[in-house]
Amino acid sequence: MRSPFSLLCSLLPFLALGAVLALTPSTTGQALPQEPATAEASGPESGWALVDQALQGLDQACLLQLDPQLWVDVRSTALVAQEQVLAARTAGAPAEICLAIERTLSALLDRQAILAPQASPEGRESTRDLPGIANDLLLIEGRLPQTSLLLIETLFELERDEEGQNALSRSLMLWPRDARVHDTARAWRDVLPRPEDLINQLNARVLALDSSDPQASGLALETIGMLFVTMGRTAYENRKFSVAGLCFDQAAKALNRSASMPRAFSDDIIAAQRADAAVNASMAYLGHAQELWFADRSDKEVAVASLMAAEDSIVTAMQLRPDHDPTLNAVLFIGEAWKDKADVNQVNTDDLADAREFFRRMAERFDVAAWWNNYAFWSRETALAAAVDGKMQQATELFQKSYAAYEKTIELEPDNARYVNDAGLIQLYYLQEDLDRAEELFYRAWKLGKEVCDNPFVDENVAAENLSAYGDAMLNLAELNHQRGDLETAQEINDQLLAISPERFDAQQLRIQIEKAK
């Protein structure tokens with residue numbers, strides 16, 4: 001039996017009703033059975049006090065029934081509340097309210113006997129069934145939010161989803177400031193047959209009450225955001241990528257608007273949900289762009305627009321959660337998409353330039369070392385392509401940009417042997433502007449990488465990466481001395497490299513060149 005409603009147990013505590021619709025916080029935690037109320041006092045004032053006690057008991061019973069381990073306590077709590085209702089009616093409380101509370105408690109007890117017969121006396125199962133309980137709740141719906149919440153839960157558990165959404169819609173209309181109703185909408189959002197209808201209803205309320213009732217608007221916007229997320233996921237699963245992207249964008253916007261209003265979620269949760277929505281939007285727009293490109297590239301302008309929309313969304317996510325792994329990974333996916341627009345085996349110079357410029361924009365916005373490294377790498381690759389085409393001035397400018405980006409990379413991560421080596425590599429093989437700086441960088445990369453590999457506790461993959469990095473630095477240092485004519489130093493360093501990595505073909509070739517030069 002479906003029961004997403006149980007997720008609510010970790011969200012907000014149920015609220016108690018005072019004077020029917022005036023909401024006041026109730027106590028949290030496990031409910032303890034209360035002493036039965038007496039009817040010694042009489043009159044409307046004492047009657048309302050007893051009504052409030054009964055409502056608190058109803059709230060506690062509703063909260064307890066969400067936890068299977070506490071189902072046995074539901075019965076004792078509900079029975080005490082029933083006695084309080086009787087006392088309230090004797091003391092002069094309105095019969096309609098008392099009847100609504102009593103019938104809701106009875107429905108709750110009947111439901112418990114069906115779902116948890118061990119909570120009933122002698123473990124007897126109820127003679128009732130869930131459809132009958134749902135029909136009873138429909139007859140008394142509208143007086144208390146607790147009644148509606150129990151009705152909605154029962155209808156969705158029975159998979160009467162249309163009726164469940166209709167009951168939820170009515171509850172949102174009657175109690176727009178009750179966080180429990182919004183919790184219920186979010187808990188069952190995956191089975192709603194028409195989530196867009198609830199979104200339209202809530203949007204209309206926000207438009208009408210935005211400034212005059214920020215509490216209702218804040219809760220509504222949170223729910224709108226979560227409903228849009230669900231619609232986005234559904235669209236994405238059906239490969240309707242552009243629709244999914246728009247839904248996730250709308251989710252992020254609704255959650256952003258709710259941030260300045262009273263609401264159920266904390267600032268951190270809102271920021272995290274908004275960032276997740278932005279990442280999902282980015283991946284949806286990316287999927288749309290790739291679908292167009294992989295077809296026949298005929299919709300290139302639309303595809304580029306979708307990929308730019310993906311970039312805008314990921315920028316939003318980065319601003320909210322710069323250290324979030326899904327966000328960081330999404331940036332890499334977008335970069336690869338720019339490079340491999342049509343076919344990973346048919347990368348062209350324009351695609352490489354697009355990837356280069358994407359990482360430049362991201363690196364300049366957020367100063368992430370990995371993105372400066374990617375910008376440096378693709379600058380080098382497009383410089384090589386320009387040189388092959390005879391565009392030597394363009395090639396030189398791109399090599400200079402590559403070197404500057406590598407320097408920025410090692411400024412941010414000075415202990416990364418790979419980054420340090422690659423910065424020197426640009427000077428040695430392409431620019432030849434400052435070979436002393438290249439030599440300094442190679443020695444530094446050698447030292448950094450070896451220190452990591454000498455650590456007996458380092459991860460094997462990390463050790464392998466550093467061995468490769470400082471091995472490259474040794475090779476480059478040997479080549480630098482070879483070019484300078486210091487063949488003894490070149491041979492000494494190259495022999496050390498072959499001692500630790502005898503399989504390196506490039507080092508074997510360099511040894512032959514050094515021996516020929518002697």
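Shown here for Arg380 and Tyr406, the closest heavy-atom pair between the two residues is NH1-OH, 4.3 Å. Among all heavy-atom pairs drawn from Ile314 and Val331, the shortest one is CG1-CG2, 3.8 Å. Annotation for Ser217 and Met261: closest pair CB-SD, 3.7 Å, computed over non-hydrogen atoms. The heavy-atom pair separating Ala277 from Val229 by the smallest distance is CB-CG2, 4.5 Å. Taking every heavy atom of both residues into account, Val85 and Ala54 meet most closely at CG2-CB, 3.5 Å.
Within the structure, salt bridge (charged side-chain N to carboxylate O under 4.0 Å, His left out) pairs that include any residue of residues 84-106 comprise Glu96-Arg143 (at least two apart or interchain). Each salt bridge (charged side-chain N to carboxylate O under 4.0 Å, His left out) pair with one or both residues in residues 223-247, not counting sequence neighbours, appears once here: Arg239-Glu291. Residue pairs meeting the salt bridge (charged side-chain N to carboxylate O under 4.0 Å, His left out) criterion with at least one member in residues 360-374, sequence neighbours excluded: Glu311-Arg361, Glu311-Arg365, Glu357-Arg360, Arg360-Glu364, Asp367-Lys408. Within the structure, every pair that satisfies the salt bridge (charged side-chain N to carboxylate O under 4.0 Å, His left out) test and touches residues 269-284, not counting sequence neighbours, is listed here: Asp276-Arg321.
In this structure, Thr327 contributes its side chain and Asp323 its backbone to no donor-acceptor pair below 3.5 Å. Checked by atom type and distance alone, the side chain of Asn135 pairs as donor or acceptor with a backbone atom of Pro131 at under 3.5 Å.
Contact check for Leu50 versus Gln53: side-chain heavy atoms found under the 4.5 Å cut-off. The shortest side-chain heavy-atom distance between Cys98 and Val51 falls under the 4.5 Å cut-off. Contact annotation: the side chain of Leu168 approaches that of Val181 to within less than 4.5 Å [non-hydrogen atoms, C-beta and beyond].
Listed by chain and number, the residues in a ring pair (Phe, Tyr, Trp, His ring centres under 6.0 Å) with Phe377 amount to none (sequence neighbours excluded). The side chain to side chain contact (heavy atoms under 4.5 Å, CB included) check on Ala281 picks up Phe248, Asp249, Tyr285, Ser313, with sequence neighbours excluded.
In this structure, a donor-acceptor pair under 3.5 Å is present between the side chains of Gln56 and Asp52. At a cut-off of 3.5 Å, with distance as the only test, a side-chain donor of Thr230 or Arg189 sits close to an acceptor on the other residue. No hydrogens or angles considered: nothing links the side chains of Glu153 and Thr184 as a donor-acceptor pair under 3.5 Å.
Between Arg194 and Asp161, no side-chain nitrogen of the basic residue sits less than 4.0 Å from a carboxylate oxygen of the acidic one, so the salt-bridge criterion is not met. Between Arg186 and Asp183, at least one side-chain nitrogen of the basic residue sits less than 4.0 Å from a carboxylate oxygen of the acidic one, meeting the salt-bridge criterion. A salt bridge does not link Arg418 with Glu413: none of the charged nitrogens is closer than 4.0 Å to a carboxylate oxygen.
Residue Arg180 holds its CZ atom at 10.5 Å from CG of Leu63, rounded to the nearest 0.5 Å. Taking CZ from Phe333 and CD from Glu336, the interatomic distance works out to 9.5 Å, rounded to the nearest 0.5 Å. Atom NZ of Lys253 is separated from atom OG of Ser258 by 15.0 Å, given to the nearest 0.5 angstrom.
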